[in-house]
**Q** 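Input: one structure, supplied below.
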Amino acid sequence: RNLDSYINGNTPYYSSEYRFRLNNGKYIWILSKGKALRDRNGKAVRIAGSHADITERKKNENKLKYLAYYDPLTNIPLRTIFMDKMKIAVEEAKRNGSKLAVLFLDLDNFKTINDTYGHDIGDRLLKRIAVKLKSCMRSSDIISRIGGDEFAVLIPAFISINEIDQIAKRMMELFKQPLNINGRKLFATISIGVAVYPDNGREGKALLKKADTAMYMAKESGKNGLQYFNDNFDSHFKLQCAIKK
């Protein structure tokens, strides 16, 4: 198509990037560029150009693209891609008349672990936790590292709230036993907040914010717990902010 477009005079020169399979089965990326010699009627009669191996450049581009959307520590999506996925899930829920849930998770004593054992141990713990959390989810669910020791999980198209309870309880079960990190037994617990579409909101940002609010209420209730968003929470936080002022 690129060649035809150039030959027909739609582009100033021919340029195309494509994969090329070698005899050994490996693929390389090629950049082909060229310009044509045309007769007096403008018809292309000959083309000269070059073929360049751009495999390394493509690898670097893909690496940068990956780092922009995925957490290099845990290899799970960052907030940007999570919000994009949630937007799609909300639209599908609107069309199908289904529900979805957003879980906001936060480690209760991660700062203490970091301060006591150092950031390297803290990073290893986060990697282990990300793997364990993924093991509790369905294949259609999406997990994201929102920042620091905070994670979010999108559970689309669930039928019964019991499904959410079961997933959340499986996650909390993971922390009943200590995690062995570099020979150290580390005890960690999580607080989980849940917001449900369309009950608690009809767009992604609102749902994530309310799941975050519910998580803080779980922490206020003694940590290591699960809390669903309740409209009274907003009044509670407004009162707390007023008291602090």
Side-chain angles (χ1 to χ4, degrees), residues 1-96 98 100 102 119-120 122-148 150-157 182 204-205 208:
R1 287 197 300 267
N2 290 343
L3 181 59
D4 288 342
S5 180
Y6 170 64
I7 295 299
N8 293 329
N10 298 322
T11 54
Y13 57 87
Y14 165 64
S15 178
S16 185
E17 295 181 4
Y18 53 91
R19 290 198 310 165
F20 194 97
R21 190 169 69 86
L22 304 179
N23 288 334
N24 61 10
K26 293 183 178 180
Y27 284 88
I28 62 173
W29 277 91
I30 299 294
L31 168 62
S32 291
K33 300 179 73 172
K35 295 202 74 172
L37 175 66
R38 300 178 184 270
D39 62 18
R40 63 182 62 187
N41 297 317
K43 181 181 179 180
V45 295
R46 183 180 298 172
I47 188 168
S50 63
H51 305 294
D53 183 342
I54 58 168
T55 305
E56 287 304 314
R57 193 196 83 189
K58 279 288 184 181
K59 286 181 180 178
N60 290 333
E61 287 177 356
N62 290 335
K63 184 177 181 180
L64 290 173
K65 189 181 295 184
Y66 182 86
L67 291 174
Y69 294 105
Y70 288 83
D71 176 33
L73 178 65
T74 59
N75 292 319
I76 60 176
L78 292 170
R79 185 189 184 104
T80 302
I81 196 168
F82 182 79
M83 297 305 294
D84 288 344
K85 296 285 187 183
M86 184 151 58
K87 183 178 180 180
I88 294 170
V90 167
E91 291 302 320
E92 289 180 352
K94 286 179 183 177
R95 286 195 302 270
N96 302 329
S98 58
L100 65 83
V102 179
H119 290 281
D120 181 59
D123 286 348
R124 290 172 184 269
L125 176 64
L126 288 174
K127 288 177 69 173
R128 180 76 63 82
I129 286 173
V131 171
K132 284 184 171 291
L133 291 175
K134 286 171 70 175
S135 71
C136 299
M137 296 160 46
R138 308 171 306 176
S139 59
S140 58
D141 302 336
I142 298 165
I143 185 171
S144 169
R145 186 182 178 196
I146 299 299
E150 296 176 334
F151 296 87
V153 176
L154 171 63
I155 303 176
N182 277 25
K205 287 183 179 178
L208 186 64

**Q** Would you say Ile47 and Leu3 make side-chain contact, with heavy atoms under 4.5 Å?
**A** yes
**Q** For residues 42-81, which residue pairs pass the ring-ring contact (aromatic ring centres under 6.0 Å, His included) check, not counting sequence neighbours?
**A** Tyr66-Tyr70
**Q** Would you indicate whether the side-chain heavy atoms of Leu133 and Val153 approach each other to under 4.5 Å?
**A** no
**Q** If I compare all heavy atoms of Ser16 with all of Asn2, which pair ends up nearest, and what's the gap?
**A** OG-ND2, 3.0 Å
**Q** Below 4.5 Å, heavy atoms only, C-beta onward: do Trp29 and Lys59 meet side chain to side chain?
**A** no
**Q** For Asp53 and Ile30, which heavy atoms make the closest approach, and how far apart are they?
**A** CA-CD1, 4.1 Å
**Q** Quick one: pull up CD1 in Ile28 and CG in Leu22 and give me the separation to the nearest 0.5 Å.
**A** 4.5 Å
**Q** Please find the pair of heavy atoms, one from Val102 and one from Met86, that lie closest to each other, and give the distance.
**A** CG2-SD, 3.3 Å
**Q** Does any pair with a residue in residues 129-145 pass side chain to side chain donor-acceptor pair (under 3.5 Å), and if so which ones, sequence neighbours excluded?
**A** Asp71-Arg145, Arg138-Asp141, Arg138-Glu163
**Q** With Lys205, which residues qualify under side chain to side chain contact (heavy atoms under 4.5 Å, CB included), at least two apart?
**A** Met83, Glu203
**Q** With no hydrogens and no angle check, is any side-chain donor or acceptor of Tyr14 less than 3.5 Å from a backbone partner on Ala36?
**A** no
**Q** Where do Val90 and Gly204 come nearest, in terms of heavy atoms and distance?
**A** CG2-N, 4.4 Å
**Q** Is a donor on one side and an acceptor on the other found under 3.5 Å between the side chain of Asp39 and the backbone of Asn41?
**A** yes
**Q** So, for Pro156 and Leu100, which heavy atoms are closest and what is the spacing to 0.1 Å?
**A** CA-CB, 3.8 Å
**Q** Looking only at heavy atoms, which two atoms of Pro72 and Leu67 are closest? And how far apart?
**A** CB-CD2, 3.8 Å
**Q** Is any side-chain heavy atom of Leu208 less than 4.5 Å from a side-chain heavy atom of Phe82?
**A** yes
**Q** Does Asn60 have any side-chain hydrogen bond (donor to acceptor under 3.5 Å, both in side chains) partners at least two apart in sequence or in another chain, and if so, which?
**A** none
**Q** Partners of Arg124 by salt bridge (Lys or Arg N to Asp or Glu O under 4.0 Å), sequence neighbours excluded?
**A** Asp120
**Q** Taking only residues at least two apart or on different chains, which pairs with a member in residues 79-94 satisfy side chain to side chain donor-acceptor pair (under 3.5 Å)?
**A** none
**Q** Is it the case that the side chain of Asn24 and the backbone of Lys26 share a donor-acceptor pair, with hydrogens and angles ignored and the cut-off at 3.5 Å?
**A** yes
**Q** Phe20 and Thr55: side-chain contact (heavy atoms from CB on, under 4.5 Å), yes or no, with the steps?
**A** CA-CA 10 Å; Phe20 194 97; Thr55 305; over 6 Å; no
